[in-house]
Amino acid sequence: MAKEITPRTEDYSAWYNDIVKKAHLAENSPVKGCMIIKPHGFAVWELMRDALDVMFKKTGHVNAYFPLLIPKSFLSKEAQHVDGFAKECAVVTHHRLMNDPNGGGVVVDPTAKLEEELIIRPTSETIIWDTYRNWIQSYRDLPLLINQWANVMRWEMRTRPFLRTTEFLWQEGHTAHATREEAVQETLQMLDVYAEFAEQYMAMPVIKGVKTPNERFAGAEDTYCIEALMQDGKALQAGTSHFLGQNFAKAFDVTFLSKENQREHVWATSWGVSTRLVGGLIMTHSDDEGLVLPPKLAPTQVVIVPIPTAQAEVNEVAEKIMRELKDKGITVKYDTDDTKRAGYKFAEYELRGMPVRIAIGKRDIENNVVEVARRDTREKSSISLDNIGDSIQQLLIDIQANLFNKAKQYLDEHITRADNFDDFVDILENKTGFISAHWDGTTETEEAIKEKTKATIRCIPLDNEKEDGVCILTGKPSSQRVLFAKAY
RNA sequence: CGGGGCGUAGCGCAGUCCGGUUAGCGCACCUGCUUUGGGAGCAGGGGGUCGUGAGUUCGAAUCCCACCGCCCCGACCA
């Protein structure tokens with residue numbers, strides 16, 4: 001084995017880094033915390049982006065683009081917002097470099113200082129609401145349903161590829177509505193879109209919930225989220241949808257005249273998912289052999305490997321299979337590279353997460369079969385060349401379903417009830433995963449539990465049943481359980 | 001910003017303690033031949049400001065001083 005991957009049981013974090021590197025998803029950049037997304041990693045993100053974009057458009061949204069640079073003064077207009085983001089903003093202070101008079105290369109030209117400093121967007125609420133003020137006059141201009149695909153920058157102290165990088169790619173939806181009810185409905189609709197995408201495309205089951213005030217987005221009235229569970233028992237916030245109330249409308253003075261000729265502030269939402277999803281995808285399905293991709297997010301779903309190398313009769317069969325698969329909309333690659341051996345290719349495609357591999361040799365052709373290997377279970381079987389298109393199509397469906405079911409079972413088995421603090425700690429440390437427990441509803445208690453255990457409240461599930469109980473820490477009365485976990 | 005570790009070929013490392021031929025190994029790369037149903041074998045070959053600067057010395061990857069950078073662990077967070 002030329003490319004060892006650290007086993008998950010030995011060091012989960014090293015395993016994750018190995019997958020990112022060895023599956024050619026991304027590599028480190030010269031700038032700390034940033035990442036170079038390589039073609040294979042970017043192809044996965046593109047598939048995510050394209051699927052989500054279709055879903056956004058189906059729900060009535062259009063795309064636009066707002067600038068990377070934001071006047072510093074904008075950030076301070078919404079008090080909560082500035083609290084949340086000010087300490088992680090990159091700031092542009094100058095607009096020119098010059099040769100160092102002392103011969104030390106280029107230096108910042110001190111005469112090129114900006115009058116108003118600019119910040120690199122950590123999110124775009126401020127510039128968008130500043131713009132919306134001019135776009136919205138009347139109830140006839142509403143709702144305004146806009147999304148943008150962009151990069152943003154948050155100067156985090158500690159970064160990990162895809163999961164938390166200084167610069168990341170994402171989409172941010174920003175909508176304006178005439179009524180509170182409509183904005184809340186939009187917030188929940190987009191949460192549903194995210195949940196559907198996570199489960200149907202990523203095969204990653206999620207829990208829909210609402211954040212506690214403590215975990216809420218800076219400037220939101222309510223933050224809804226989808227939470228997923230990674231293989232190591234830690235939770236991952238995979239997407240958020242915020243009901244912003246009238247906070248930004250008031251901060252940026254965005255008003256409209258209602259049918260009744262009343263001037264009112266608009267109601268707002270924002271919602272986003274990022275390249276973090278790629279990290280979630282990795283940690284939901286992959287194994288010690290490498291990346292495992294669900295067929296719907298695999299840049300290439302099927303690879304055909306000739307054995308030993310491409311020969312006339314193998315080519316003929318391969319071409320026929322490719323035609324059949326392409327007709328069914330399956331992406332397929334015929335690897336005719338004769339500088340690599342079959343065994344090398346097998347290992348390499350497994351590392352990269354290719355869902356299905358077809359091997360064709362003389363022996364197979366004589367028997368009118370091909371060898372089909374599925375990445376999710378690593379099982380190999382001989383499949384008849386007759387109706388190969390249908391067989392492979394069904395196999396891809398099975399793999400997609402199997403990945404989801406496995407992940408769903410893992411999630412279901414790792415939501416554990418705890419009714420006292422000792423059990424809580426025991427489950428958190430030994431079983432891991434989500435813990436469903438009573439909480440007295442105060443930020444103080446939430447912080448105290450975090451302090452003692454590192455676990456945070458991930459969300460209050462939307463489908464929560466009301467149930468009287470007592471807080472696991474304080475013993476005070478509680479009306480429902482909430483989900484705790486250690487989180488990424 | 002605290003604690004720990006590390007900078008030597010594209011990657012991973014040895015050599016540094018105890019200074020001394022032409023700085024070495026594995027992978028990768030190039031050429032040729034033989035191979036080819038799970039990361040091929042043999043032979044040959046190319047590739048180095050030893051992180052940077054300034055010292056000590058006849059001589060520095062190795063010793064001294066300063067600086068720079070990176071990684072891991074914590075505090076912050078999607």
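Here is the naming used below: chain letters follow the sequence lines, and residue numbers restart at 1 for every chain.
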Readout for nucleotides 70-76 of chain B: B = base within 4.0 Å of protein heavy atom, S = sugar-phosphate only, - = neither; 5' to 3' it is SS-SSBB
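Closest approach to the A/Ser274 side chain among B/rG38, B/rG37, B/rA78 is made by B/rA78 (side chain taken as heavy atoms from C-beta onward). Closest to the side chain of A/Gln237, from the set B/rA78, B/rU36, B/rG37, is B/rA78.
Residue A/Thr165 is classed as a base contact, given a heavy-atom separation below 4.0 Å to a base. Residue-level contact check: A/Leu163 touches the bases, meaning some heavy atom is under 4.0 Å from a base atom. Here A/Phe168 lies in heavy-atom contact (under 4.0 Å) with a base.
Ring geometry for A/Trp129 versus A/Tyr132: interplanar angle over 60°, hence perpendicular rather than tilted (30 to 60°). Using cut-offs of 30° and 60° for the angle between ring planes, the A/Phe56 and A/His61 rings count as perpendicular.
Nucleotides B/rU52 and B/rA60 are separated by 16 Å at their C1' atoms, to the nearest Å. Rounded to whole Å, the P atom of B/rC76 lies 36 Å from the corresponding atom of B/rC65. Comparing the same atom, C1', in B/rC73 and in B/rA14 gives a spacing of 27 Å after rounding to whole Å. Remark: the separation of the C1' atoms in B/rG74 and B/rC67 is 26 Å, to the nearest Å. As rounded to the nearest Å, B/rG48 and B/rG10 have C1' atoms that lie 12 Å from one another. Separation of the P atoms belonging to B/rG7 and B/rA43 is 32 Å when rounded to the nearest angstrom. Separating the C1' atom of B/rC50 from that of B/rU22 is a span of 15 Å, rounded to the nearest Å. Between the C1' atoms of B/rG69 and B/rG53, the separation comes to 14 Å (whole Å).
In this structure, B/rG10 forms a base pair with B/rC27, meeting either the Watson-Crick or the G-U wobble geometry with both donor-acceptor distances under 3.5 Å. As the counterpart of B/rA54, no nucleotide is assigned, since no Watson-Crick or G-U wobble pattern has both distances under 3.5 Å. Across all strands shown, B/rA60 has no partner, as no Watson-Crick or G-U wobble contact with both distances under 3.5 Å is found.
For A/His81, the ring-ring contact (aromatic ring centres under 6.0 Å, His included) partners are A/Phe85, A/Phe217, A/Phe248, not counting sequence neighbours.
Rounded to an integer number of Å, the gap from CG of A/Asp335 to P of B/rU36 is 19 Å. Summarising the geometry, the separation between CZ on A/Arg352 and C1' on B/rG39 is reported as 14 Å, rounded to the nearest angstrom. In this entry the distance linking CE of A/Met230 with C1' of B/rA78 reads 13 Å, nearest Å. Between the P atom of B/rG38 and the CZ atom of A/Arg341 lies a distance of 9 Å, rounded to the nearest Å. Taking atom CG of residue A/Asp18 and atom P of nucleotide B/rG12, one finds them 12 Å apart after rounding to whole Å. Across the protein-nucleic acid pair, A/Ile307 atom CD1 and B/rG39 atom C1' stand 14 Å apart, rounded to whole Å. Rounded to an integer number of Å, the gap from NZ of A/Lys234 to P of B/rA78 is 15 Å. Atom CD in A/Glu447 sits roughly 9 Å away from atom P in B/rC77 (whole-Å rounding).
A donor-acceptor contact under 3.5 angstrom links the side chains of A/Asp18 and A/Thr6, judged on distance only.
An OP1 or OP2 oxygen of B/rG38 is reached within less than 4.0 angstrom by no side-chain nitrogen or oxygen of A/Arg357.
The residue from A/Glu215, A/Gln237, A/His242 that alone fulfils the side-chain hydrogen bond (donor to acceptor under 3.5 Å, both in side chains) condition with A/Thr223 is A/His242.
A donor-acceptor contact under 3.5 Å is not formed by the side chain of A/Lys380 with the base of B/rG37.
The nearest heavy atom of RNA chain B to A/Gly84 and to A/Glu350 marks one nucleotide each, and the one closer to the 5' end goes with A/Glu350.
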Applying side-chain contact (heavy atoms from CB on, under 4.5 Å) to A/Leu396 and A/Lys296, what does each step give before you reach the verdict? CA-CA 9 Å; A/Leu396 289 169; A/Lys296 285 187 187 176; over 6 Å; no
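For the atom pair CD1 (A/Ile70) and OG1 (A/Thr126), the distance works out to 4.0 Å, reported to the nearest 0.5 Å.
Salt bridge status for A/Arg357 with A/Glu350: present, with a side-chain N to carboxylate O gap under 4.0 Å.
Between A/Tyr334 and A/Val305 there is no side-chain heavy-atom pair separated by less than 4.5 Å.
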